[in-house]
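So you know, we letter chains A, B, ... as the sequences are listed, proteins then strands, and number each from 1. The figures that follow rest on heavy atoms only: side chains count, while hydrogens, waters and symmetry mates do not.
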2 protein chains.
Amino acid sequence: MSTTIVSSEVEKLAEIPLLKRLSTEAREQLLRGATKKSVSRGEMIFFQDDEADAFFIVLEGWVKVFRATSSGDEAVVGVFTRGQTFAEGAAFTNSNYPASGEAVTDSVVLCIPVAHLANSIAADPNIALAMMSSLSMHLHQLVLQIEGLKTHTGAQRVAEFLLNLSTEPAGSCTLVLPYDKALIAGRLGMKPESLSRAFQKLKSYGVEVKQNRAIISNVQVLRTLVEQERTVVMHSSHG
Amino acid sequence: MSTTIVSSEVEKLAEIPLLKRLSTEAREQLLRGATKKSVSRGEMIFFQDDEADAFFIVLEGWVKVFRATSSGDEAVVGVFTRGQTFAEGAAFTNSNYPASGEAVTDSVVLCIPVAHLANSIAADPNIALAMMSSLSMHLHQLVLQIEGLKTHTGAQRVAEFLLNLSTEPAGSCTLVLPYDKALIAGRLGMKPESLSRAFQKLKSYGVEVKQNRAIISNVQVLRTLVEQERTVVMHSSHG
DNA sequence: CTACTTCCTTGATTTTCGTTAGGTCCTTTT
DNA sequence: AAAAGGACCTAACGAAAATCAAGGAAGTAG
C-alpha cells in the first residue's frame, strides 16, 4: 500500500538527515515524486538483482538489507531505522540492486524513484550534495563494519553494538534490543549460537541480557573492551 | 613532490572512469585544481583522523587504505590501482579521514582538494553525478567485501581474489600477484600464515603459486569453488 | 662466499566459531 | 488446561583460522 506525500507532512520530514540541509523548495520538489509505503514484518521492499528504480528512507520501524548467496546463505549488510536512507547507492549505478531489502518490523518507508531524483537534481544541484553526504556516511559505516569484522572478536562486536544503542556516555544504562537475536547475530556477522556465547562472555564485563532487555552496569568498562586489541581479549582471564 | 596538471595530460586522463563521462570542459575545470603527487613505496598519502581536505585518483602503482586500531592492529579496507579513486567519501563529510592511505609500490596519485571539488560542482553539476557514481561503486564493492568475509572461507576468498586479477574468461592463465602476500592476506581478512595455507588448498584446484606468479590451470574450476556453499566446501574431500 | 634481512612457509597448539541436537521458557491455539 | 510452535539457550563435536615458534628461500651488502 502506498500513498503520496501531502504537503502538511513535508515539514515533519525535515527532521530526516538527508532532507535537513535542503531548502524548503528543494525538499518539496524531492518529495513531490515520493510515495509512502507501509510494509508488514517480513515483507520484501526490494529484491536483489531487480532493476534499481528507487531508493528509500525509513519513516517507522526497522529494515534489513542483505545479500543472499546462490545457496541460501545470507549476509546482512545493514539494518536501518527511522530517518536513515538505504539503497541510495543503487540509484546511481543505472543497474540492479546488489542486495535485498526486507522489513523486520511493521514499517513505513518513503520511496523515491530514481527517475524523479534525477529530475530533482537537475532542478536543484544542492540535492546532489545532500545525496553525496548520505552516500559518504554509508561508505564510512561500511568501512567501520569491515574493520570490526576483521579486527574484533564476536564479543567485542556485540559490545560495540550495545554501545551504539546506548545513549548514556558513562555509568549504567538499560536498553531494549531493537530486533530479534537472530538478526542481531546476522548483523554482526555471526550465528545466533555465537551471539549467545558472546552475551555469556559479556556477563563478566557487567552486561546482563534478559529477553530483549540489556542492562549495562558500566558503559566505560564495555568501551575499554571494544578498544582492546584482539589478542589481549583472547588471552584475558575473562574467557 | 607534487606538480600541477598540464593541459596536454588532460586527454590521457580521460580514460579514468570518474572523468570519462564528463565533458571536456568539466574535466579541465576539475583538473585545474588537481596536483600530481609521486609517492614512494611505504610513504603515507593521508592519515586517519586528519582533516579530510582532498580525495585521490591512482595514476600509477598500488595504494592501500587501512584502519589502525588504538593498539596497532590494522584492517585493510581497500587496495586501489590505476584509474581508481579513493577517499572520495571523506570529501563530503566535512570531517576527518576514517582511515589512512599508504603507497604499497612507488606510485603516482592525482590529488584533488575538496574545496576545489565544491567549486567545480557549482560550476558544473554533472561533476556531482560522476562523483555519485564513483561513490556508489565503492559502496557496492564494500558490500561485496562484507558478503565475502561472512560467507566465504579463506580459500574461497583467495580464489575470488585470483579470479578478479585474471583476464581470461576460461581455460588456463598466468598472473602476477600485484603486491606482497602480507598485504593480500590483510586485504582478504586473514593472516599471512592462513594465506599460505589457502594457497596449499588451492593446489588441488589447479592453482600453482611460485614467488609472485600464480598459474591457474582452469579458471572455471576455480569459479565453481567460489560459488560453492561454505558448508559444501567444508565437508568436501579437498581438505 | 658469507652474513644479514626480509619475506614466506611449515608445524604444533590453541581459540574461535559453525553445526547439530536437545532442552527450556513463553506465547498462542485448541 | 493441554498442545503446539517459536525464540532462545546450552552442550558437544569438528572445522577453520589465529598464534607461537622455527625453518627456508631469495635478495642485498659486506
(request) Starting from C1' on C:dC17, measure out to NZ on B:Lys150 and report it in whole angstrom. (result) 15 Å

(message) So, using salt bridge (charged side-chain N to carboxylate O under 4.0 Å, His left out) as the criterion, who are the partners of B:Glu168 when residues are at least two apart?
(response) none

Under 3.5 Å donor-acceptor pairs involving side-chain atoms of residues 47-55 of chain A, not counting sequence neighbours:
{"residue": "A:Gln48", "atom": "OE1", "partner": "A:Ala68", "partner atom": "N", "Å": "2.9"}
{"residue": "A:Gln48", "atom": "NE2", "partner": "A:Ala68", "partner atom": "O", "Å": "3.3"}

(message) Applying salt bridge (charged side-chain N to carboxylate O under 4.0 Å, His left out), can you list everything that pairs with A:Arg187, at least two apart in sequence or on another chain?
(response) none

(message) How many whole angstroms separate atom CE of B:Met190 from atom P of D:dA16?
(response) 13 Å

(message) What is the distance, to the nearest angstrom, from the NE2 atom on B:His152 to the P atom on C:dC17?
(response) 20 Å

(message) From NZ of B:Lys191 over to P of D:dA17, roughly how many Å is that when rounded to an integer?
(response) 14 Å

(request) Determine whether the side chains of A:Ser172 and A:Ser217 contain a donor N or O and an acceptor N or O closer than 3.5 Å. (result) no

(message) Rounded to whole Å, how long is the line connecting atom NZ of A:Lys210 with atom P of C:dC25?
(response) 14 Å

(message) Rounded to whole Å, how long is the line connecting atom CZ of A:Arg213 with atom C1' of D:dC8?
(response) 17 Å

(message) Going by the rule salt bridge (charged side-chain N to carboxylate O under 4.0 Å, His left out), which residues pair with B:Lys12 if we only count those two or more places apart in sequence or in a different chain?
(response) none

(request) Nearest whole angstrom, please: distance from the P of C:dT15 to the CD of A:Gln156. (result) 16 Å

(request) Using five base pairs at each end, measure the axis-to-axis angle across the helix from C:dC1-D:dG30 to C:dT30-D:dA1 and round it to 10 degrees. (result) 20°

(request) Go through B:Thr35 and B:Thr4 one step at a time and tell me if the side-chain hydrogen bond (donor to acceptor under 3.5 Å, both in side chains) criterion holds. (result) CA-CA 4 Å; B:Thr35 55; B:Thr4 58; over 6 Å; no

(message) Protein within reach of the bases, or only the backbone? For nucleotides 6-12 of chain C, mark each nucleotide 5' to 3' as B, S or -, using heavy atoms under 4.0 Å.
(response) -SSSBBB

(request) Answer with yes or no after comparing the ring centroid distance for A:Phe92 and B:His140 against a 6.0 Å cut-off, counting only values under it. (result) no

(message) Quick check: do A:Phe56 and A:Val63 have side-chain heavy atoms less than 4.5 Å from each other?
(response) no

